[in-house]
A.B. asks: 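Supplied in structure tokens, the structure appears directly below.
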There are 2 protein chains.
Amino acid sequence: MSSPAPKDSPPTTERGRQRRDALLDAAQRLFLEHGYGQVSVNDIVAQAGGSLSTLYRHFGNKEGLFQAMIERRSHHIYDTLTAEGVDELPVEAALQRLGIDLLIKVMDEETLGIYREVVAESPRQPPLARLFFDGGPGRVRQALADYFERRMQRQLMPACDSVELAGIFLGMLLGEWHLIRVLQLESPPSRAAMEKRVERCADLFLRGAMADRTE
Amino acid sequence: MSSPAPKDSPPTTERGRQRRDALLDAAQRLFLEHGYGQVSVNDIVAQAGGSLSTLYRHFGNKEGLFQAMIERRSHHIYDTLTAEGVDELPVEAALQRLGIDLLIKVMDEETLGIYREVVAESPRQPPLARLFFDGGPGRVRQALADYFERRMQRQLMPACDSVELAGIFLGMLLGEWHLIRVLQLESPPSRAAMEKRVERCADLFLRGAMADRTE
DNA sequence: CTCAATGTGTAGTGTAGACTACACTATCTT
DNA sequence: AAGATAGTGTAGTCTACACTACACATTGAG
């Protein structure tokens with residue numbers, strides 16, 4: 001009786017798409033700046049222009065809007081992270097290029113904001129967690145694992161669980177830095193500092209992971 | 001005019017301490033299970049017994065209660081992580097012991113709950129972030145860095161920034177695993193799986209970090 | 001005994017905010 | 001021209017909840 005069917009309307013008309021995007025843009029700005037719980041749907045409509053009814057037509061409810069915006073955003077962010085042409089580079093260079101690109105993205109204030117909101121809301125909205133992970137961090141890990149896989153096939157590195165290895169590399173890259181920025185305990189590191197970190201990590205990782213494991 | 005002075009009352013009487021603790025216990029259970037925003041102060045009083053007035057006398061407001069409970073908790077959790085006697089072990093064993101202890105703590109549902117709540121609330125309550133970091137993750141990193149420092153003094157490993165190195169090791173240890181558990185995307189890993197992870201990380205780390213860096 | 005501090009219980013107050021109702025308009029298609 | 005489809009705008013309902021007020025109990029010190 002009272003299942004209002006949260007609409008997932010594919011926008012048919014051009015005008016519709018514009019209005020929908022305007023709502024998503026406003027939601028993004030406000031949610032990331034003030035937090036999901038602190039922003040009212042009215043605030044969003046005020047920011048976007050347009051009308052409350054439209055918001056509900058498109059997204060069904062506040063959660064629907066939130067999920068749509070997270071999905072759009074995590075896809076967009078990580079779409080710009082490509083592993084193009086990385087196979088032609090020496091390993092060190094490859095890891096460094098991927099590493100610095102990733103680090104910059106991840107330390108970006110917008111990405112941090114999304115992370116905070118997803119962590120905060122995921123216990124109440126489990127689908128959100130998958131949406132975010134598969135669209136973002138999970139994809140990066142997979143891309144790196146694929147790279148390792150190709151190298152293994154070419155006998156360029158010892159065989160092992162490529163996904164786990166990718167996770168380890170990414171973990172050491174972010175390390176404490178991510179938490180420190182998530183909690184805003186220090187100001188953002190400079191580009192130079194990030195490059196130094198990446199170099200250090202890639203170096204340590206290569207020594208550790210590429211050697212034959214013959215014990 | 002309207003600064004009600006969030007009290008930080010040191011409880012004078014024994015009865016007072018009991019009531020205060022009961023409130024903190026209830027707050028902990030409810031906040032960690034449902035989230036700060038979803039729990040009302042009335043819920044907490046209902047759970048703790050006692051009265052709303054007492055809550056406000058002790059903590060001033062809802063935020064005060066939250067901060068008191070986070071502080072108590074993050075201290076308690078990491079207090080049980082000791083680096084006792086680790087200097088007498090071979091490095092591999094030392095890293096493995098510290099690693100497995102830490103991993104178990106960090107993957108524990110209570111610890112994850114605190115992490116989620118702190119991440120969620122820290123933008124609105126910055127002091128919280130420091131409280132948590134310095135009482136928890138920061139202390140662990142420092143303890144590990146101190147250990148490295150001692151080894152460097154004894155020429156047992158090449159000199160370098162010990163704090164950064166500690167961060168790298170801890171980062172690779174947690175890697176994706178932490179996020180996956182924070183978002184509840186997979187069920188908790190078995191003790192055996194954690195041990196395997198620690199071994200792998202310690203091994204990779206030692207190969208990479210302990211070798212002389214003569215380039 | 002008494003008085004001061006602390007705890008209890010109830011019953012508000014004020015506000016914010018998610019969601020709905022409804023009457024109206026713009027656009028497009030055939 | 002007509003009617004379907006989508007957007008607008010306002011006003012309102014209903015509920016949840018942080019925080020306060022106030023009158024009453026308990027305890028313990030001197």
Side-chain angles (χ1 to χ4, degrees), chain A residues 1-27 30-31 33-69 117 121 124-125, chain B residues 1-27 30-31 33-69 117 121 124-125:
Chain A
M1 284 302 160
S2 57
S3 54
K7 291 151 198 176
D8 207 350
S9 71
T12 62
T13 144
E14 174 56 20
R15 177 116 187 275
R17 230 190 42 74
Q18 281 181 6
R19 298 287 68 214
R20 193 188 142 98
D21 281 356
L23 285 168
L24 284 172
D25 289 344
L30 294 175
F31 282 151
E33 184 170 348
H34 300 107
Y36 179 74
Q38 332 303 313
V39 172
S40 79
V41 287
N42 287 308
D43 294 339
I44 291 168
V45 170
Q47 176 88 208
S51 110
L52 193 53
S53 325
T54 308
L55 188 156
Y56 278 91
R57 205 192 313 286
H58 278 304
F59 304 103
N61 55 24
K62 196 187 179 188
E63 288 192 359
L65 172 60
F66 189 57
Q67 289 186 21
M69 106 72 172
E117 293 308 308
E121 287 307 308
R124 255 93 50 201
Q125 308 184 44
Chain B
M1 289 299 159
S2 56
S3 54
K7 293 152 198 176
D8 207 349
S9 71
T12 62
T13 143
E14 174 54 23
R15 178 115 186 272
R17 232 190 41 75
Q18 280 182 7
R19 298 286 68 215
R20 194 187 142 98
D21 281 357
L23 286 167
L24 284 172
D25 290 345
L30 293 175
F31 282 150
E33 184 169 348
H34 302 105
Y36 179 75
Q38 332 304 313
V39 172
S40 79
V41 287
N42 286 308
D43 294 340
I44 291 168
V45 170
Q47 177 88 207
S51 110
L52 193 53
S53 326
T54 307
L55 188 158
Y56 277 91
R57 206 193 311 285
H58 278 304
F59 304 104
N61 55 26
K62 194 186 180 189
E63 288 191 359
L65 173 59
F66 188 56
Q67 290 188 20
M69 107 68 172
E117 293 309 307
E121 287 308 308
R124 255 93 51 202
Q125 307 183 44

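The chains referred to below are lettered A, B, ... by the order of the sequence lines, with proteins before strands, and numbering in each begins at 1. Worth saying up front: this structure is predicted, and the values here are computed from it rather than measured.
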A.B. asks: To the nearest Å, give me how far apart NE2 (His34(A)) and P (dG17(C)) are.
C.D. replies: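 After rounding, the reported distance stands at 12 Å.
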A.B. asks: To the nearest Å, how far apart are Leu52(B) CG and dA18(D) P?
C.D. replies: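 From Leu52(B) CG to dA18(D) P: 9 Å.
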A.B. asks: Ignoring hydrogens and angles, tell me if any N or O in the side chain of Asp21(A) forms a donor-acceptor pair with the backbone of Gln18(A) under 3.5 Å.
C.D. replies: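 Answer holds: no.
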A.B. asks: To the side chain of Asn61(A), which of dC19(C), dC19(D), dT8(C) is closest?
C.D. replies: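 So the side chain of Asn61(A) is nearest to dC19(C).
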A.B. asks: Just checking Val45(A): base, sugar-phosphate only, or nothing, at a heavy-atom cut-off of under 4.0 Å?
C.D. replies: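 Answer is nothing: Val45(A) stays at 4.0 Å or more from every strand.
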A.B. asks: In this structure, how many angstroms lie between the P atom of dT5(D) and the NE2 atom of His58(A), rounded?
C.D. replies: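 About 15 Å, once rounded to whole Å.
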A.B. asks: Starting at atom CZ of Arg57(B), determine the distance to atom P of dT6(C), rounded to an integer number of angstrom.
C.D. replies: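 For the pair Arg57(B) CZ and dT6(C) P, the rounded distance is 7 Å.
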A.B. asks: Looking only at atom types and distance, does a side-chain atom of Arg19(A) sit under 3.5 Å from a main-chain N or O of Leu55(A), one as donor and one as acceptor?
C.D. replies: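 The answer is no, because no donor-acceptor pair under 3.5 Å joins these two groups.
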A.B. asks: Consider the side chain of Ser40(A), meaning its heavy atoms from C-beta on, and name the nucleotide among dG17(C), dC19(D), dC19(C) that approaches it most closely.
C.D. replies: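 Shortest atom-to-atom distance from the side chain points to dG17(C).
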A.B. asks: Rounded off to whole Å, could you give me the CG-to-C1' distance for the Leu23(A) and dG7(D) pair?
C.D. replies: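 Nearest whole value for this atom pair: 11 Å.
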A.B. asks: What is the distance, rounded to the nearest whole Å, between atom CG of Leu65(B) and atom P of dA18(D)?
C.D. replies: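 Distance check: Leu65(B) CG to dA18(D) P gives 11 Å.
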A.B. asks: Go through it in stages, so that I can follow the logic: the residues are Arg124(A) and Tyr36(A), the test is side-chain contact (heavy atoms from CB on, under 4.5 Å), and I'd like the CA-CA distance, side-chain angles, deciding distance and then a yes or no.
C.D. replies: CA-CA 12 Å; Arg124(A) 255 93 50 201; Tyr36(A) 179 74; over 6 Å; no
A.B. asks: Between Asn42(A) and Gly50(A), which is nearer to the 5' end of DNA chain D once each is assigned its nearest nucleotide?
C.D. replies: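 Counting from the 5' end, the first nearest nucleotide belongs to Gly50(A).
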A.B. asks: Nearest to the Ser53(A) side chain among dA18(D), dT8(D), dG17(C), which nucleotide is it?
C.D. replies: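 Taking heavy atoms from C-beta onward, the closest nucleotide is dT8(D).
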A.B. asks: How close or far is atom P of dT8(C) from atom CD of Gln18(B), stated in whole angstroms?
C.D. replies: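 Interatomic distance, CD of Gln18(B) to P of dT8(C): 11 Å.
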A.B. asks: Nearest-Å distance, CD (Gln38(A)) to C1' (dA18(C))?
C.D. replies: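 About 15 Å, once rounded to whole Å.
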A.B. asks: Rounded to the nearest 0.5 Å, how far apart are CG of Leu23(A) and NE2 of His58(A)?
C.D. replies: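 NE2 of His58(A) is found 6.5 Å from CG of Leu23(A).
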A.B. asks: May I ask you to decide if the ring planes of Phe31(A) and Phe66(A) are parallel, tilted or perpendicular, using 30° and 60° as cut-offs?
C.D. replies: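 The rings of Phe31(A) and Phe66(A) stand perpendicular, inter-plane angle above 60°.
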A.B. asks: State which of dT20(D), dC19(C), dA18(D) makes the closest approach to the side chain of Lys62(A).
C.D. replies: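 The answer is dC19(C), which lies nearest to the side chain.
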A.B. asks: Could you say whether Gly37(A) or Gly49(B) is positioned toward the 5' end of DNA chain C, judged by the nucleotide with the nearest heavy atom to each?
C.D. replies: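 Closer to the 5' end of DNA chain C: Gly49(B).
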A.B. asks: Could you pick out which residue, Arg19(B) or Val41(A), lies toward the 5' side of DNA chain C when each is mapped onto its nearest nucleotide?
C.D. replies: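 Closer to the 5' end of DNA chain C: Arg19(B).
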